[in-house]
Amino acid sequence: MTDQPLLSVRDFRLEFDTFDGVYRAIDGVNFDLIPGESLGIVGETGCGKSVTAKSILGLVPTPPARVVSGQILYNGEDLLTVGEERLRALRGVEIAMIFQDPMTYLNPVFTIGQQLVDVILAHQRWRPSEQRLNRAQARDHAIDMLSRVHLPNPERQLDAYPHQLSGGMRQRVLIAQALSGNPRLLIADEPTTALDVTIQAQILDLIAELMGEFDLSVILISHDLGVVASLCQRVVVMYAGQVVEDASVTRLFSEPGHPYTQGLLKAVPHPGRAASTLSGIPGTLPNLYDPPAGCRFQSRCAHAMPMCTTVPPLYAVADGQRVACHLHAPEASRAGVA
Amino acid sequence: MAELTKEAHELTVSLDWRERHVSTIRMLRLYARTFARNGSAMLGLGLVLLFLTTAAIGPYFVPFPDDATGSVHIERKLQPPDAVHWFGTDEVGNDVFTRVIVGARVTLQIACIITGVAMLIGIPLGMIAGYMGGWVQEVIMRITDVFLSVPGLMLAIAIVGALGPGIVNAMVALSLVWWPGYVRLVQAKTLSLKNEIYVDAARSMGAGSLRIVFVHLLPNCTSPIIVKASMDMGMAILGAASLGFLGLGAQPPFPEWGAMISVARTYLPDWWWYSFFPGTAIVITVLGFNLLGDGLRDILDPKHRE
Amino acid sequence: MIRFTFKRLMLMVLMLLGLLAITFTISHIVPADPAALAAGPDANVEMIERYRVEYGLDRPLAEQFLVYLGKLLSGDWGKSIHTTRPVWDDLVTYFPNTVELVVFSIAIAVLFGIPLGIVAAVNQNRPIDHVIRVLTVTGVAMPMFWLGLMAQLFFALKLGWFPLGGRIEMMTDPPQAITHLLLVDALLNGHFGTFVDALHHMVLPAVALCFPALASIIRVNRAEMLETLKQDYIVNARAQGLSTFRIVAVYALRNAMLPTMAMIGLRFGWMLGGTVLIETVFDWPGIGLYAVQAAISSDFEPIMGATIVLGFFFMLTNLLIDMIYGTLDPRVREQV
Amino acid sequence: MLELRNLSVHFDVSKRGKGKTIVRAVNGINLNIGRGEAVALVGESGSGKSTVGKAALRLVDTTDGHILLDGVDITHLERGRQMPLRRKAQMVFQDPHSALNPRMNILRSVAEPLILHTALRGQALTRRVIELLEIVGLQAQFLYRYQHELSGGQKQRVCIARAIALNPDLLVLDEPTSALDVSVQAQILEFLKTLQSDLGLTFLFISHNLAVVRYLCSRVAVMYLGRIVEEGATETVFTTPKHPYTQALLSAVPWPEATQPKGHAPLVGDIPSPVNPPSGCSFHTRCPFARERCRAEAPTWRALAPDHLVACHFAEDLAAS
Amino acid sequence: MRTEYDGKQGVLMRKLFKLTLVAGVAAAVLATVSPAVDAFERRNGQKIMVMAQRQAVPIMDPSIKYDASIRTMQQAMYDGLMKYTGTPPTVTPWLAERFEASDDGLTYTFYLVKNAKFHNGDPVTAEAVRWSFARTLKLGKGPAWMLNAFLKAENIKAVDDHTVSFTLDRSFAPFTSFLPWWYIMNPAQVMANEVDGDMGQKWLIDHEAGSGPYKLRRVEQGTLYELERVQDYWKGHKGPLGGIIYKLIRESSAQRAALMKGEADISTGLSPDEFDQLAKIKGMVTSTEPALTAFGIKFNTQGKYTSDKNLRKAVAYAFDYDALVKIYNGRAVLQTSPFTDSIKGKVNVPNMPRQDLAKAKEYLAKSQWPTGGIELEYVYVQGLEEERLMGLVLIDNLKDLNITVKMVPLTWANMVARGSKKETSPDMIAIFATPVSTDPDAVAIQYHPSSHGAYYGVHFYDNPEVTKLIEEARFTGEWEKRAPLYAKIQQMITDDQPEIFGMMRERRIVYRDWVKGFEYSPVRMTEEVDLYPMYIE
């Protein structure tokens, strides 16, 4: 494992041209992913975590979306500029993605087998001709993939339609499909949100297992701190289109640096501990059509200060923890601005 | 906590109409803006407005008002369009322009009556079928299916054939074949709305069936009904014109466009203006209603909003 | 699937009965006296009564209906009071012509409508999309008979590219009737010239007839393609690296075809109704023309015959469409 | 306050000519809720917990058993005589967005129960609605807004205002926070807690979220495939779960902290279909401790401790191991 | 919104376009394979005449039905004992060489030509004649009404192979003038095709068993009927013609176009305007002979309003008679008597009403509705442009009397059905009435109560005095005695105004100049053409 990041998102900004004006969905997102690492991105609805993930594979329709600035470097290659043809060659082969609701992400009118085989065959185009699989081989590969995601009776399931499977099985199919091209990076966008807890546990275990088996790096996007905690080594916290904190899991839960992260932790009831009190974060999300200058959390922040009208950079705090809050600014600069 | 604060009390009293309906106004503004950006919808609105204006005031400004009710001036029959007779004259010397303009009002009446009657029959039946379910729905929907199982125009022709030709009978026939569409639409909509949680909520508060149907369901069905009604205005005009064309609809000298074409087609192609102008009037009006309906769908039905 | 078909066929029988009841009622509220009609202009009272008894018009309505049903089942579809010809013979003569026209027409509408819908959707808001949209909007707004008349005037009368009307060239002897479908019979008999001639006669009426349907199909297919292309599974298909052509032409099209099929079914009904107008304009010896003439002479057995046949045909096509639906969408297949 | 006796709710979802298809959503459950108590009903999707809530309010018909509200049997109360029931018991739904009629402004939505049950009209009605909105922490300016102009948390507050408009004794809360973000969920939970103690309400709280349940409720009943498998005081059930399903459920929930719960052994397979529930103990298909007896014989509902009931043949053995 | 499919869009577009293009080219190719149009059609080297007609011939059985289109075909395929020819029309012996009437006017004996034979080669015998008359009388349809009041089937006798005698129940002067409407069928052929005792009714719908100049080659119901020349027709042919196609073209504009393009050679039933338009074109020949047909707007003299004679008079005086002529572009003359010009014994009745508003108002003042304010129904045949226009004229004219007119188009059959009862007979009906004979009785009988219910009897006119006169005149043998009776009848009917006596319009028949031999006879039905003498040069 080298420290050379596999994926590096740098100063990524993205806007949507909508009917009501320009919606500034993503405003300066920065994070790196080291090979073999599993990175969690957490945040509440509308924080831009899903858009960021989809942008990596160029899946956000443009227009209405528009990339304002930034780079998404995969192995040094800027995915924002390589073009559709190159992205297609990367999709599923280098970078794969699974999604939130396994029902809607599978085409209801084709069998599991048809959809799997189609994807496998599509990948053959990028392979050396002598290694290409024909349809029968692709089918075998599909069965192999289904058994590797522990889908019972894989051969029979090939002829099943999505609606005939349970939610957990569908998610397994999606995972099989995503990994069929043997990618290096898996982006999982809320993969367990639509599932029951017992199934969620199965899927999380499966992803952990496959990470080792396929030598995968994983980006896990979730609104559930628990899910992230159970799978990831490092967490990026997003709020209103910005990264507010980037820390290792241990650090994040023990020493949350950003007031938002702190609030979030206080708002989550704990299943393992008796009830004490909960406190929500007062206020609502800022209007992203006309976001406030500087820190986007300032209106809800108990520690807001004049300096917050400037955009806080990601201050390195400790142990790889970086926090975008002026509270963590070096004394000098804080005084300077105040 | 339960005591009402003074400000809140004053707020309710002081709110004027505008403030109370601020949300509605905002919504309508949004609609208007969406609509205004949609070029074809605006064209449709323009055409429909033109049509409505013509229907409203046209008959008072036509050059030969008598010609609309059937007079005979054989001496000036079949004259091509000129400065006096803008659209030429017909086979008994009536001014085609006058008749086309007056025809707008007639056409509007026909379209309104056909869609109106169809809605009056279809919407209650659809709501009853969708909400009650069970055998009531079975009966209503099967009858609807039977009516829909034969092409509408064909059935209308059979009905007019039985009742005898004439504009009233044509309208009766078209209304009779038109309502099943509304039953289908409203029934489907009611069926899906019935499972909405707010309907459950209303029931949990003790609302009765009638109240649920008319207070909670009906207002939520209006969007598709408005869209369909707008489209149907155009379709009804086409239907009435088709019957008129076959000689089963309005009868001369009633200045209905379809009936005019039905007579005028025997004067094609040499006396082209006689059928050309009523035909163009039909195309423009139907086009207007269709475009308007399309535009309305775009703003009222979020699924089709882009 | 067999079970499904069987059940639908049973339902169809019920619907046909309902249809019969409705049309029978309608056609018996005729203000004129059908017996007097039949007896002809010079008939006296005695002759009229003879007709009344001969056609069973002296019996109560319900009984007449039952008698009619009984006769229908025994293959006797009654005879035209107006022409005295057996209705069944007329239906055999006229109906196949309508079938050919309508099938040819819907084929044009589908073959052109679906690709054009896709082209418009993929090029949303580009010039080609606008051109197609203008075409579709005017297509729906245009009265079919008007379009037919104009096409006839321009292409037949002015340019002379097509015949004015009719089914085949009048000097051509029709091929021996095997299926009663002229095109098929021509091919079966090896009369290739007749086949081409019949096809040539069919172009104008079929195009005029298909235009509104074509417009609707384009419109629905375009809207559904746009809708489908926004679906999650399309995003997933892209994320897995499928090619755009495959996504559009296979993955999205099949889903978009479901509502399009429904529209095709609906429009097919309109088309069957529209044949009345088109057959009138183009002198097409079909069932629409036959029915219209029966309707205006209050000749109720032909009206009923035509209505049953048209209704039956429409129901059959709907069944076919439902079956296609079933093959396209597994969920529908299972629900039944 | 609310007593469910051997309650069963089956839905007939048969299609014509395809034989009978019965969804056994609720299968003979017993549950008592005392006045002022907050009782949670937890379980995964398909366990029938929502159906219990709806049946308790007579929104669905019961197949078998009895529902007693304040000692009155309301199981077969006709439509026309349900009005007193409606005043006593109200419901808050999962998705506040769809629980509000999109064509009604907030005033009309909240006023609906008042219009149905009281003579309040005009200004007095408006004043009462404002009062209710203030109780749930909303200002009067929302009166003329529509559902789509409010945030999720605000909408749920409106729903709660509507539910308490008639001063009911019992509130059935069907997953009231699952559609909300955690920061908002925390606010609503806090608010519900104070509301319950302030107004002395009885809660039947339906949820799949164990953490939320632990925070809000004093007693909890765990449902699996239409049956209650374990019931007891929240702390007892959470700390010493006796039923293997409860144990699995608890261990499957990830904790929002760096260290995850121990003994994490996820259940295999999916929840069986309620159309065709397994024989014997319905959990035996997924139970890691299932034995022969579980397949054949449905476990009885028995008390392990005074306030701790469980339906498992081997509850004692499992607890011991 | 542009979609995200830009990348591969080009390829997709190209593929789709190719598809569309191929289909388009195919359609275009088909479009250009247009067969060339000849001046006239030929079959096996023989010229074929094409008639473009609007009315179908649904049934060809001579015993069942007759109207203009049906008779056009029947006349070509069958022979009658007698035939109408020429102007003024005369009843010419045809299959009968000659006939004799007994002095009491009861027995008629016909002597048949010897060389006549049916299309299958069987000779036309007296038995065939007897059988044909008996069949029509027995079936009681079609022309049966003309004779069944005084002729019984058993009183027709085949005296020998070529002699047949008819014995009437009572003397009937115009007997022979009805015979051209009765055709002779081949009994052997018909009965060979009998089904369930129907006397061959089903078979004769679209087959023939006649002895006429043409035989049926094919029937394509609803499209066309083709006749083929009988080469050895017993009476011989007038000129070269291989056959005739009766083609249905229901749109008059298409009908006209067919004539102009040379696809059709002869056409009837065109509107006056279209007719004039065609008449101007080189190569078109028009026939505009005066007809026996009278056009009148008949009142229901027993109806709610129109039973009032003064009202009838008021309407008759308000009507603009000149408009009638104008509608026909001058091709019509006004009636000067209830009888049309070719009818024997027609006199010019003085004081025939002409438009005179003062007089109209005078009569109206005397009626039960002195200030008008009523609505009268005007029923006419759907699709008959001239009748529709007359309705418009009526609307316009009666406005001055404060009477509104409701126009009700009906099919001919429906109109007749409505007129068959005095309760349902409309206030006014537009009727073209063509007498089946030139004998004045054929017209006078229309005003006899026995006509009530028939299309020409929709007025339900019943003046006992007139009735008596008609009966008297009918069975009076000598013309000198009959003539004054008819003059009186004409005057009395005019006074009672059971209808607005309209006009006699010219028939409008157009044909190409290569069509020769057209012969006209006013007694034929309005659009009926005698095909026998016609040929193409």
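Since we're looking at a predicted model, the values are computed, not measured. So that the names make sense, note that chain A is the first sequence line, chain B the second, and so on, each numbered from 1.
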| Atom NE2 in C:H130, atom OG in B:S40: separation rounded to 0.5 Å? | 9.0 Å

| said: Looking only at heavy atoms and a cut-off of under 4.5 Å, which of C:F314, C:F268, C:F145 has the most pairs with chain B? | reply: C:F145

| request: To the nearest 0.5 Å, tell me how far C:L14 CG sits from B:S149 OG. | output: 11.5 Å

| said: Counting heavy-atom pairs closer than 4.5 Å to chain B, which one of C:L272, C:V292, C:L19 comes out on top? | reply: C:L19

| request: Decide side-chain contact (heavy atoms from CB on, under 4.5 Å) for B:V283 and C:T138; before the verdict, give the C-alpha distance in whole Å, the side-chain angles of both, and the deciding distance to 0.1 Å. | output: CA-CA 8 Å; B:V283 175; C:T138 42; 5.5 Å; no

| field | Residue selection (most heavy-atom pairs with chain B, distance under 4.5 Å) from C:I308, C:L153, C:L310 | value | C:L153

| message | Quick check on B:D145 against chain C: is it the side chain, the backbone, both or neither that has a heavy atom closer than 4.5 Å? | response | both

| query | Contact part of B:L287 toward chain C, heavy-atom cut-off under 4.5 Å: side chain, backbone, both or neither? | reply | both

| message | Using a 4.5 angstrom heavy-atom cutoff, name the option from B:L238, B:V160, B:T285 with the most pairs to chain C. | response | B:L238

| said: With rounding to the nearest 0.5 angstrom, report the CZ to CG distance, B:R142 to C:L11. | reply: 6.0 Å

| task | On the 0 to 90° scale, with breaks at 30° and 60°, tag the C:W146-B:F276 ring pair as parallel, tilted or perpendicular. | result | tilted

| task | Kindly indicate, with the supporting measurements, whether the criterion side-chain contact (heavy atoms from CB on, under 4.5 Å) is fulfilled by B:D294 and C:R219. | result | CA-CA 11 Å; B:D294 247 9; C:R219 219 156 89 154; 3.6 Å; yes

| field | CA sep, side-chain torsions, deciding dist, call: B:L153, C:L277, side-chain contact (heavy atoms from CB on, under 4.5 Å) | value | CA-CA 9 Å; B:L153 190 59; C:L277 300 165; 3.8 Å; yes

| note | Scanning both residues in full, the closest heavy-atom pair of C:G269 with B:P151 reads O-CB, 3.2 Å

| Taking side chain as C-beta onward, heavy atoms only, is B:M235 less than 4.5 Å from C:V140? | yes

| query | Of the backbone (N, CA, C, O) and the side chain (C-beta and beyond), which part of B:I157 lies under 4.5 Å from a heavy atom of chain C, both, or neither? | reply | both

| field | Test log, rule side-chain contact (heavy atoms from CB on, under 4.5 Å), inputs C:T280 and B:R265 | value | CA-CA 12 Å; C:T280 304; B:R265 76 189 149 120; 4.2 Å; yes

| request: Give the minimum heavy-atom separation between C:P143 and B:I282, together with the two atoms involved. | output: CG-CG2, 3.5 Å

| remark: Most contact-rich option vs chain B, by heavy-atom pairs under 4.5 angstrom, among C:V276, C:L16, C:L17, is C:V276

| query | Tell me, side chain or backbone of B:L155 under 4.5 Å from chain C's heavy atoms, or both, or neither? | reply | side chain

| request: Could you tell me which portion of C:V281 (side chain, backbone, both or neither) has an atom closer than 4.5 angstrom to a non-hydrogen atom of chain B? | output: side chain

